[in-house]
Number of protein chains: 2
Amino acid sequence: MAKTTLRADARRNTEKLRVAALLVFQEKGLHAPLDEIAQRAGVSSGTLYNRFGSREALIDAVVPELAAQSLGKVAKRALAERDPWDGFAGYVMGVCELQASCPALNDVISRRYASEQLTVICRVTEERERYIIERAQREGLLRADFTREDLLFVFWSTAMLVRHSADAAPDAWRRSVGFLLDGLRAGAAHPLPAEPLTRDQMEEVMFRLGEVGAI
Amino acid sequence: MAKTTLRADARRNTEKLRVAALLVFQEKGLHAPLDEIAQRAGVSSGTLYNRFGSREALIDAVVPELAAQSLGKVAKRALAERDPWDGFAGYVMGVCELQASCPALNDVISRRYASEQLTVICRVTEERERYIIERAQREGLLRADFTREDLLFVFWSTAMLVRHSADAAPDAWRRSVGFLLDGLRAGAAHPLPAEPLTRDQMEEVMFRLGEVGAI
DNA sequence: GGGTATCTTGACGCAAGCCTCAATTTACGT
DNA sequence: ACGTAAATTGAGGCTTGCGTCAAGATACCC
């Protein structure tokens, strides 16, 4: 039912809002107050709702492109790596770097906000990650009991670290990820104390993440 | 300036509030609504403020004992372990188990709420952890570049994981910690991509954690 | 340039959660 | 048993943020 033609001023406002939204989201994450976006666009909050209708729609109008591009670049670089371990490790570091460099991407990667478009991106990402993992495991470089679900937990950890140490110690996360990667090399493997998550469990966890508290 | 003698009803209410507070904090963490505590104690929110004056005071009246006892037990067990590596690994797992089993302890351990008493506990804990780490490093079992500040990051990661997967996958954190521990063995060590945090940086990060957003 | 459909505005209502304080109730000493 | 100091109450003010809507402003077509 979307109007196909907007009045000129409405179109202009839409554009101003997109620009402002991208700025604010990048700076403060996907839970940034919408009022601030409206204000930054020089427009009332009512207009924001008129143009987009909901936070989700606004995010979907602005963030997926950024996310797809950033994540795509990292994956591509990883796959271009000759050595599958270097590819894997580079991928992990690359994604964490995105998390550290941009609150909006951090929220996407750690699933703090789930929208339709972002979910699509996550699915694509999942495929690639499974491949990157498998490739490194096939050559016996990445430990065999590591799953893609485990990878998400890595990103969640980093999300937390980055959110709280971004200012005081912007490189702190690198150490943590460094330790972790050393634990993921096939040679380092010792038996794990728990079963991997099923995909359903993962869905459940992610579903809750998108919910209320967000925390 | 504290009144030394309370009227009988006030003393009773104080006790009811302590009980309720401990329950609610254990169940929901240290940011639980105070109104709920008052309600559970069968008392108005005004009374809670009359008796304790602030969330911080209420927490300090109730949580430190729990925290000191739990953390003490884990540390003791770790130090009783013959093998320093087992001691260290057991300590890490033990603390994470506390995080997983009790939101209040999770908040204490990951510094989501800083109060006077809790800060004292953290200081004691710090001493013990430095010792546990040093002991394992002295025998060349724990990698030499691991610091106590890094340990806090481990607990922060776990805090995040536990908070979001407690229901759907209560053991998920064990895998992550397992990977990490494998990366901490001396034999697994590869050069790290960043310097360890100074104590000042750590203070700064922790200070911010206690602040506003908490997230 | 006038009429109308479209768009914008910003004050408003809502919800949580915090904390306060005037009015009321209660315990306790005498 | 009564007076007073101590305690309790809960409505209400505060804040942040969301989302709405009647009234006013504006673009666009003729």
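Just so we're on the same page: letters track the sequence lines, and every chain starts at 1. Heavy-atom basis, side chains included; hydrogens, waters and symmetry copies ignored.
- Listed by chain and residue number, nothing satisfies the side-chain hydrogen bond (donor to acceptor under 3.5 Å, both in side chains) test with B:D35 (two or more places apart in sequence, or in another chain).
- No side-chain N or O of A:N50 forms a donor-acceptor pair with one of A:T47 less than 3.5 Å apart.
- Taking atom CG of A:L48 as the reference point, atom C1' of C:dC7 lies 14 Å away to the nearest angstrom.
- Note: CD (A:Q39) to P (C:dG10) measures 11 Å, nearest angstrom.
- For B:R51, there are no side-chain hydrogen bond (donor to acceptor under 3.5 Å, both in side chains) partners, not counting sequence neighbours.
- Atom CZ of B:R51 and atom P of D:dA6 are 12 Å apart (whole Å).
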## Note on the structure
Heavy-atom contacts, protein to nucleotides 15-30 of chain D, under 4.0 Å, summarised as B (base), S (sugar-phosphate only) or - (none) per nt, yield --SSBB-----BSS--
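- Applying the salt bridge (charged side-chain N to carboxylate O under 4.0 Å, His left out) criterion to B:E27, with sequence neighbours excluded, gives B:R40.
- Remark: B:R148 pairs with B:E129 by the side-chain hydrogen bond (donor to acceptor under 3.5 Å, both in side chains) rule, at least two apart or across chains.
- Between B:T47 and D:dT9 there is a side-chain N or O to OP1 or OP2 distance below 4.0 Å.
- For the side-chain hydrogen bond (donor to acceptor under 3.5 Å, both in side chains) condition, the pairs that include at least one residue of residues 114-125 of chain B, sequence neighbours left out, are B:D60-B:S115.
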